[in-house]
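Only one structure is covered here, and it is reproduced in the block below.
Throughout, residue positions are numbered sequentially from 1 according to the sequence presented.
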Amino acid sequence: MNENLVEIKDLKKHFNINKQSTLKAIDGISFSIKKGETLGLVGESGCGKSTVGRTITQIYEPTSGEVIFDQKPVHSKESKAERKQKKQDMQMIFQDPYSSLNPRMTVMEIISEGLLIHSSELSVAEREKKVNELLELVGLNKKHAQRYPHEFSGGQRQRIGIARALAVEPKFIVADEPIAALDVSIQAQIVNLLKKLQQEKGLTYLFIAHDLSMVKYISDRIAVMYLGKIVELTDSEELYEKPLHPYSEALLSAIPLPDPDLERTRKQIVLKGDVPSPIDIPSGCRFRTRCPKAMDVCSKLEPEFKEAEAGHYVACHLHDSTVMARKDATPIHAVKLS
Ligand code: SF4
């Protein structure tokens with residue numbers, strides 16, 4: 001698991017709203033995902049994490065920066081055949097298993113769609129056999145093939161979405177909040193299924209989530225995103241044990257604890273207000289308007305995304321000794337605990 005499958009270099013995706021306003025959904029991010037690895041990408045709604053998944057998988061063209069997949073740039077002027085191959089290699093699983101499946105198509109038709117494009121040489125019988133095998137693989141069976149999406153539960157529909165993604169034998173899957181719409185008990189089943197498929201098929205995942213509760217169980221490393229930027233990236237265990245960014249600390253403090261005694265004494269860091277608009281990003285550190293540890297310097301200087309410890313990257317002045325030596329590195333808020 002040492003070779004990179006995906007490399008993102010200073011990626012930006014901006015949307016022009018009108019002549020005066022630009023929505024900076026992704027505002028300069030860099031990271032890589034190794035072959036066979038799962039990178040968790042976590043942040044509140046509207047932070048740009050889904051746009052990251054859609055830009056990597058070519059649904060959106062980036063404004064600037066580079067996506068390199070399997071050693072080759074994705075958004076270069078490539079031939080039709082190369083583009084088709086990359087689309088096959090990179091698949092998405094979507095958040096809402098209710099709206100992401102066409103209600104007028106049978107499960108057989110839904111899963112066959114990718115095969116018709118990418119494996120057009122298959123006969124009808126071969127295609128049906130493959131769909132039945134995929135259904136078995138995701139914990140369904142061939143009797144389900146002739147049914148329609150509305151006949152299934154949320155968890156079963158997500159299994160159909162996974163089978164559809166696997167049909168074209170991808171190398172890389174962007175799972176965009178695949179468990180957010182499911183009951184907690186079903187969430188664990190889907191996470192376990194994704195882990196099992198990863199081991200069996202050597203898949204690489206970008207697993208997008210809006211909180212840190214389930215991500216730990218599937219991710220090797222986790223990137224925390226806030227308002228278009230990655231603010232922290234490290235090994236999964238390290239993030240849970242030793243978060244460095246105040247935003248990661250707040251997200252971790254919000255995870256409910258299974259032990260009722262511990263849960264009663266849990267101190268949750270409550271962040272003020274909502275995420276600011278990506279059309280009007282605060283100066284300096286973009287988290288400063290909600291940060292319980294904000295300092296005077298934070299409004300003037302944007303923190304660099306730096307390696308604070310081996311393999312542990314963070315964008316916060318508190319972990320930059322040069323900035324902390326400045327006179328204006330003085331706190332302006334007290335931490336609020338509830
Ligand atoms: Fe908070 Fe300042 Fe660090 Fe930003 S740079 S996270 S505002 S302490």
Side-chain angles (χ1 to χ4, degrees), residues 10-14 17 20-31 41-49 51-52 63-65 210-212 222-235 238-255 266-338:
D10 200 18
L11 189 71
K12 292 186 183 174
K13 179 63 193 170
H14 295 174
I17 305 298
Q20 283 87 41
S21 316
T22 303
L23 187 154
K24 296 179 177 173
I26 313 174
D27 205 17
I29 61 169
S30 302
F31 63 84
L41 182 61
V42 177
E44 287 161 287
S45 295
C47 74
K49 54 195 191 304
T51 309
V52 174
T63 304
S64 65
H210 64 268
D211 65 35
L212 280 161
I222 295 175
V224 178
M225 196 165 174
Y226 186 80
L227 211 52
K229 286 259 192 194
I230 291 183
V231 296
E232 185 159 8
L233 192 162
T234 186
D235 287 349
E238 169 94 358
L239 184 74
Y240 282 77
E241 277 164 28
K242 202 176 157 198
L244 297 181
H245 198 281
Y247 182 54
S248 310
E249 287 177 357
L251 290 180
L252 283 165
S253 80
I255 301 175
R266 173 169 65 106
K267 293 270 185 271
Q268 187 176 352
I269 301 168
V270 180
L271 296 176
K272 299 188 303 181
D274 296 322
V275 184
S277 165
I279 296 171
D280 187 17
I281 292 173
S283 63
C285 174
R286 55 193 65 206
F287 183 56
R288 71 174 167 84
T289 54
R290 303 174 76 204
C291 180
K293 296 181 179 175
M295 302 171 285
D296 288 332
V297 65
C298 301
S299 62
K300 302 171 197 161
L301 199 64
E302 182 164 15
E304 285 180 48
F305 188 61
K306 281 185 173 177
E307 191 169 24
E309 292 168 21
H312 196 154
Y313 298 81
V314 66
C316 173
H317 294 317
L318 291 167
H319 304 282
D320 187 329
S321 54
T322 316
V323 176
M324 290 309 286
R326 287 170 53 133
K327 281 199 181 115
D328 52 1
T330 47
I332 55 173
H333 291 301
V335 179
K336 285 184 184 166
L337 299 175
S338 70

Does a sphere of radius 6.0 Å around CD in E307 hold more than 12 heavy atoms from other residues, nucleotides or ligands, not counting ones at 6.0 Å or beyond? yes
A side-chain contact here means heavy atoms from C-beta on lying under 4.5 Å apart; do F305 and I29 qualify? no
Could you state the interatomic distance from CZ (F31) to CD1 (I230), rounded to the nearest 0.5 Å? 5.0 Å
To the nearest 0.5 Å, what is the distance between CG on D296 and NZ on K327? 13.5 Å
Has the side chain of H312 got a donor or acceptor atom that lies under 3.5 Å from a matching backbone atom of E238? no
Does the S283 side chain pair with the main chain of S299, one donor and one acceptor, at a distance under 3.5 Å? yes
Please evaluate residues R326 and L301 with respect to the criterion side chain to side chain contact (heavy atoms under 4.5 Å, CB included), reporting the C-alpha separation (whole Å), side-chain torsions for both, the decisive distance (0.1 Å), and the verdict. CA-CA 11 Å; R326 287 170 53 133; L301 199 64; 3.8 Å; yes
CG of L271 to CG of L251: how many Å apart, nearest 0.5 Å? 7.5 Å
Checking S253 side chain against I269 main chain: does a donor-acceptor pair fall under 3.5 Å? yes
G273 versus R290, closest heavy-atom pair with distance: O-NH2, 3.0 Å
Atom of V297, atom of H317 and distance for their closest heavy-atom approach: CG1-CD2, 4.1 Å
Distance in Å, I17 CD1 paired with T22 OG1, rounded so as to fall on 0.5 Å steps: 7.5 Å
Just by distance, do the side chain of S30 and the backbone of D10 share a donor-acceptor pair under 3.5 Å? yes
Working to the nearest 0.5 angstrom, can you tell me the gap between K24 NZ and I279 CD1? 11.0 Å
Find out whether L239 and S248 are in side-chain contact, i.e. whether some heavy atom of one side chain is under 4.5 Å from a heavy atom of the other. yes
For the backbone of L212 and the side chain of Y240, can you confirm whether one donor and one acceptor N or O come within less than 3.5 Å of each other? yes
Applying side chain to side chain donor-acceptor pair (under 3.5 Å), can you list everything that pairs with H210, at least two apart in sequence or on another chain? E177
Nearest heavy-atom contact between P276 and L227 is O-CD1, 3.1 Å
Roughly how far, to the nearest 0.5 Å, is CD1 of I281 from CG of L23? 8.0 Å
More than 12 non-hydrogen atoms from neighbouring residues, nucleotides or ligands closer than 6.0 Å to CG on D328, yes or no? yes
Between K49 and V42, which heavy-atom pair has the shortest distance, and what is it? CD-C, 4.2 Å
For K13, I'd like to know if atom NZ has over 12 heavy atoms of other residues, nucleotides or ligands within 6.0 Å. yes
Which atom of P246 lies closest to which atom of C316, heavy atoms considered: CD-SG, 3.9 Å
Is the closest side-chain heavy-atom distance between M295 and L318 below 4.5 Å? yes
Can D27 and K12 be said to form a side chain to side chain contact (heavy atoms under 4.5 Å, CB included), step by step? CA-CA 5 Å; D27 205 17; K12 292 186 183 174; 4.3 Å; yes
Give me the ring orientation class for H245 and F287: parallel if the planes are under 30° apart, tilted from 30 to 60°, perpendicular past 60°. tilted
Suppose we screen for salt bridge (Lys or Arg N to Asp or Glu O under 4.0 Å). Which residues come up paired with E302, at least two apart in sequence or across chains? K229, R286
Minimal heavy-atom distance between L244 and H319, with the atoms involved, is O-NE2, 2.7 Å
